[in-house]
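The structure under discussion appears below in the form of structure tokens.
Throughout, a chain's letter reflects where its sequence line sits, starting with A, and its residues are numbered from 1.
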Amino acid sequence: MNFDLSDEQKMLAEQARGLLAERSPPARLRQLIGEGAELDAPLWRELGEMGFLGAAIAEAHGGLGLTALDLAVISLELGRANACLPFFSSVVLAGGALSACGSAAQQAAWLPGIASGEKIGTFAYAEGPADWRAALPATTFAATSGNEGRITGTKSPVADGGVAGFAVVLVNAGGAQAFALVDLDQPEVSRTRLDSFDQLRGHHAISFAGAKAELLAGDADTLARLLDQAAVQAAFEAVGGAQACLTMAREYALDRQIFGRSLASYQAIKHRLADIAVAIELALSNAYYAGWAAQNAPDELPAAAAAARLTALAAFKNAARENIQVHGGIGYTFEANCHFYYRRERTLALSLGGREVWADRLIAHSA
Amino acid sequence: MDFNDTPEEAAFRAEARAWLAAHAPAHALREGERLEDAEEARRGRAWQRALYDGGFAGITLPRELGGRGGTVIEAVVFHEEESRYNIPKGPYITIGLGMALHVLAHHGSPEQKARYCEPTLKGEMTWCQLFSEPSAGSDLANLRTKAAKEEGAREGDEWVVNGQKVWSSWAHHADWGLLVARHDPSLPKHKGLSFFLVDMKTPGVETRPIRQISGASDFNETFLTDVRIPDANRLGKVGDGWACCMTVLSSERIGSGSPREAVQEMVEYIRRTGRGADGGNALDSAANRVALAQALAEERGEKYLAARLRTMISRGEDPGAMAAMIKLAYAGRNQKMLGLGMEVRGLDALAAAPDAGDTLGLHYEYIWSTVMRIAGGADEVLRNQIAERVLGMPGDWRPDKNVPFDQL
Ligand SMILES: Cc1cc2nc3c(=O)[nH]c(=O)nc-3n(C[C@H](O)[C@H](O)[C@H](O)COP(=O)(O)OP(=O)(O)OC[C@H]3O[C@@H](n4cnc5c(N)ncnc54)[C@H](O)[C@@H]3O)c2cc1C
């Protein structure tokens with residue numbers, strides 16, 4: 001047994017961390033929010049050129065052909081930086097769906113663009129407050145010929161829906177759940193920007209009025225696997241965010257003098273941060289195992305992914321809240337950096353199934 | 001990253017499995033079997049002897065001390081395989097194996113190692129830990145038991161020890177005790193301590209059982225009145241007492257993880273157990289599912305964090321206070337989860353039928369779960385350690401620091 005990242009993975013993490021610290025510091029995030037941007041375009045291009053976006057895409061399609069765990073160390077660093085990038089939507093979800101169930105032609109058409117960053121995809125699953133997992137989607141696919149057809153309906157909210165050029169859309173195709181691949185740059189598609197809680201991850205409502213689409217070969221099982229894989233990456237992203245909060249809170253507490261001594265010397269603060277540190281290590285350990293299982297023990301992935309998701313979001317929630325608490329009033333200002341994480345945490349917590357959904361998956365798959 | 005056994009680990013696992021299959025069943029408890037104290041002690045000793053004869057006693061202990069000279073991972077593998085059998089081992093045995101051998105290996109003289117290691121490994125010599133006192137628990141260095149040196153002529157020097165120890169687990173069954181006492185009160189509290197091995201049959205050693213909240217009396221008050229200890233039974237140099245204690249306590253912490261998947265067992269129990277006429281069970285409630293899933297996820301996290309720390313140890317790195325994280329996480333989660341376990345059993349857990357072994361076991365474990373948060377590093381002490389040593393935050397205000405003990 002060797003339960004640690006490899007030296008190569010540690011180098012990859014360091015590289016990503018260094019680049020993001022330089023290109024996407026908090027001042028840059030504030031600037032992007034000020035501009036109402038939904039994408040840090042120069043950084044996205046740079047990540048594409050460096051191979052980060054294609055890390056888990058097959059070499060035949062312009063990627064590096066690395067594993068889920070390699071992708072995960074990048075997810076963790078993106079979470080730490082809270083970067084304004086559609087990595088999760090495009091690389092993890094759209095890229096993951098295409099890699100899992102795209103035809104050779106579909107993969108050849110889209111994966112190289114995802115790897116280079118020239119094409120941005122997203123995954124459109126939700127339809128407002130309705131439970132998207134229980135019932136069939138209201139958005140329908142009507143076949144025209146072969147796997148081609150037209151889709152009608154509205155998906156909302158769609159993460160990164162403003163910057164995506166295409167979407168993998170969860171549809172009802174003849175009474176069964178299916179994935180439709182849709183080019184978003186066509187007149188039958190209209191987008192409305194929503195007021196996203198996370199100012200660094202835009203959400204849109206996207207309406208399809210008989211838009212041209214083609215089916216991927218996926219079914220309900222593919223969806224479940226895709227969500228497990230995505231949950232692993234989201235868990236790493238959450239751990240990265242939680243680590244950033246812990247570092248920030250610790251540094252602030254060490255600096256701040258209150259009643260003649262360092263804030264960090266009070267047990268109320270020490271013990272709170274110790275608990276967060278423990279929660280982060282438990283989550284990271286679960287995430288490591290899930291990242292390993294994604295590649296090496298697919299039968300164990302559902303339980304492993306759910307456990308990682310639950311512990312990582314619990315850690316991030318606590319870290320994001322207590323980080324502001326430790327900062328006091330300054331934590332409530334736009335100039336301090338706590339709010340980026342306070343918002344991102346809710347985004348991760350509410351996307352792709354809440355706590356109850358993942359709790360059920362863990363209970364159902366633990367034996 | 002590779003979660004599977006290496007070829008060497010797999011070979012060791014196969015060897016351990018085969019040996020256990022041949023020897024463990026004869027020692028394992030039968031379904032529902034409960035043992036009296038003395039019988040548990042006897043069975044524990046017998047199993048330890050079998051382990052010794054099979055070459056599996058003291059897996060990480062060097063060969064010259066009678067151990068197997070194996071790796072930490074091998075010890076873990078053996079522990080995993082052994083725990084498939086419900087063998088009564090008795091804490092009598094584990095205090096000796098975990099604490100006494102560990103401290104002897106680090107601080108013992110060649111003569112002491114030769115005298116104590118092998119009988120302990122064979123289960124012939126059992127130990128208790130005489131550390132805590134009424135005024136010294138988390139703040140162990142505040143202890144008051146005195147050790148005064150007497151220069152002797154024929155027999156060599158002796159120490160005369162006076163004081164009171166408390167919470168001494170299984171001291172009433174132990175052959176020997178690990179004792180820390182103050183030899184010089186004019187030094188600051190951590191500096192004036194020395195460490196001794198004391199024969200529990202020495203005149204002046206008296207144990208009195210304390211009735212616990214569980215109803216049992218596993219621990220004792222131990223009174224030490226003019227107890228004479230030969231200088232040859234001092235471990236380490238005079239003044240090394242604190243270092244020896246730290247060695248003992250570090251073994252306590254690393255050994256505190258449990259391979260048992262208790263939350264998983266609880267989920268399975270609920271699946272088996274209907275909740276009345278409607279045929280449903282407690283998993284029909286989303287609130288229960290969420291709470292159990294969170295506990296399951298944390299239990300898994302503890303297991304995989306332990307795996308990360310073992311990887312560090314096997315590379316010769318010191319996980320330091322990160323080991324405290326597992327104990328802290330486990331202790332709190334365990335108590336919460338057992339409380340929930342009683343709730344999902346509902347009125348059954350309020351009052352169990354005499355043959356309801358599962359529920360009676362839960363009653364006992366919920367009581368015992370309080371101990372895990374106190375002994376072997378209390379929650380608050382571990383939080384301090386993590387904050388100070390992992391996060392680099394300042395130590396608490398300590399008015400006793402560097403002050404001679406007799407001026408405190
Ligand atoms: C079942 C059982 C078996 C035991 N067996 C043995 C044994 O065999 N041999 C032996 O020597 N001892 C034994 N002990 C004793 C055990 O080591 C002590 O109970 C433990 O060290 C705590 O000390 P204490 O009980 O004096 O509590 P205290 O140290 O007085 O702690 C009381 C409370 O104060 C908190 N606290 C302590 N320090 C701080 C701090 N710095 N900041 C904030 N809060 C703090 C604690 O967390 C706790 O909540 C046993 C205890 C139990 C319960």
Tell me, side chain or backbone of B:E9 under 4.5 Å from chain A's heavy atoms, or both, or neither?
side chain

Structural part of A:L254 lying under 4.5 Å from a heavy atom of chain B
side chain

For the residue pair B:I386 and A:A277, what are the closest heavy atoms and their distance?
CG2-CB, 4.4 Å

Side chain, backbone, both or neither: which part of A:N2 has a non-hydrogen atom closer than 4.5 Å to chain B?
both

Quick check on A:R346: does its CZ atom have over 12 non-hydrogen neighbours (other residues, nucleotides or ligands) under 6.0 Å away?
yes

If you take all heavy atoms of B:P394 and A:A264, which pair is closest and at what distance?
CD-O, 3.4 Å

Could you tell me which portion of B:L328 (side chain, backbone, both or neither) has an atom closer than 4.5 angstrom to a non-hydrogen atom of chain A?
side chain

At what distance, to the nearest 0.5 angstrom, does OG of A:S6 lie from CE of B:M1?
8.5 Å

Contacting region of A:A304 [heavy-atom separation from chain B under 4.5 Å]
both

Name the region of B:V290, side chain, backbone, both or neither, that has any atom closer than 4.5 Å to a heavy atom of chain A.
both

Would one find more than 12 heavy atoms of other residues, nucleotides or ligands at under 6.0 Å from atom CZ of B:R13?
yes

Engaged part of B:D2 at the chain A interface, taking heavy atoms whose separation is under 4.5 Å:
both

For each of A:A283, A:A279, A:S285, tally heavy-atom pairs with chain B at distances under 4.5 Å, and name the one with the top tally.
A:S285

Under 4.5 Å between any side-chain heavy atoms of A:L246 and B:L391, yes or no?
yes

Quick one: of B:V267, B:D5, B:T311, who has the most non-hydrogen atom pairs under 4.5 Å with chain A?
B:T311

Minimal non-hydrogen separation, B:A329 against A:V278, with atom names:
CB-CG1, 3.9 Å

Among residues 68-80 of chain A, those lying within the under-4.5 Å heavy-atom range of chain B are A:L69

Is A:A303 in contact with chain B via its backbone, its side chain, both, or neither, using a 4.5 Å heavy-atom distance?
both

Go through the atoms of B:M322 and report whether side chain, backbone, both or neither lie under 4.5 Å from a heavy atom of chain A.
side chain

Do the non-hydrogen side-chain atoms of B:M393 and A:S265 ever get within less than 4.5 Å of each other?
no

Is the B:F3 to A:Y289 ring centre distance short of 6.0 Å?
yes

Side chain / backbone / both / neither for A:Q267 at chain B, heavy atoms under 4.5 Å:
side chain

Is B:L283 close to chain A through its backbone or its side chain, or both, or neither, when contacts mean heavy atoms under 4.5 Å?
side chain

What residue, out of A:L5, A:D275, A:N296, has the most heavy-atom pairs lying under 4.5 Å from chain B?
A:D275

B:N4 side chain near A:M1 side chain, heavy-atom distance below 4.5 Å:
no

Measure distances from B:E298 to the heavy atoms of chain A and classify the residue's part below 4.5 Å as side chain, backbone, both or neither.
both

Which one wins on heavy-atom pair count under 4.5 Å against chain B: A:W358, A:Y266, A:F3?
A:F3

Between B:E380, B:M325, B:E388, B:R300, who has the most heavy-atom pairs with chain A when the cutoff is under 4.5 Å?
B:R300

Give a yes or no on whether B:Y269 atom OH has more than 12 heavy-atom contacts from other residues, nucleotides or ligands under 6.0 Å away.
yes

B:N384 side chain to A:H271 side chain, donor-acceptor N/O pair below 3.5 angstrom
yes

Please determine whether a side-chain nitrogen of the Lys or Arg among B:R308 and A:D4 lies less than 4.0 Å from a carboxylate oxygen of the Asp or Glu.
no

Closest approach of B:A297 and A:L310, non-hydrogen atoms and distance?
CB-CB, 4.2 Å

Counting only heavy atoms not in A:Q257, do more than 12 sit closer than 6.0 Å to its CD atom?
yes

Between A:K270, A:Q9, A:R250, A:R361, the one whose heavy-atom pairs under 4.5 Å with chain B are most numerous
A:K270

Crowded around A:I330 CD1? As in, over 12 foreign heavy atoms under 6.0 Å?
no

So A:I363 and B:R271, do their side chains get closer than 4.5 Å, heavy atoms only?
yes

So what's closer than 4.5 Å to chain B heavy atoms on A:A364: side chain, backbone, both or neither?
backbone

Chain A heavy atoms under 4.5 Å from B:E299: which part of the residue, side chain, backbone, both or neither?
neither

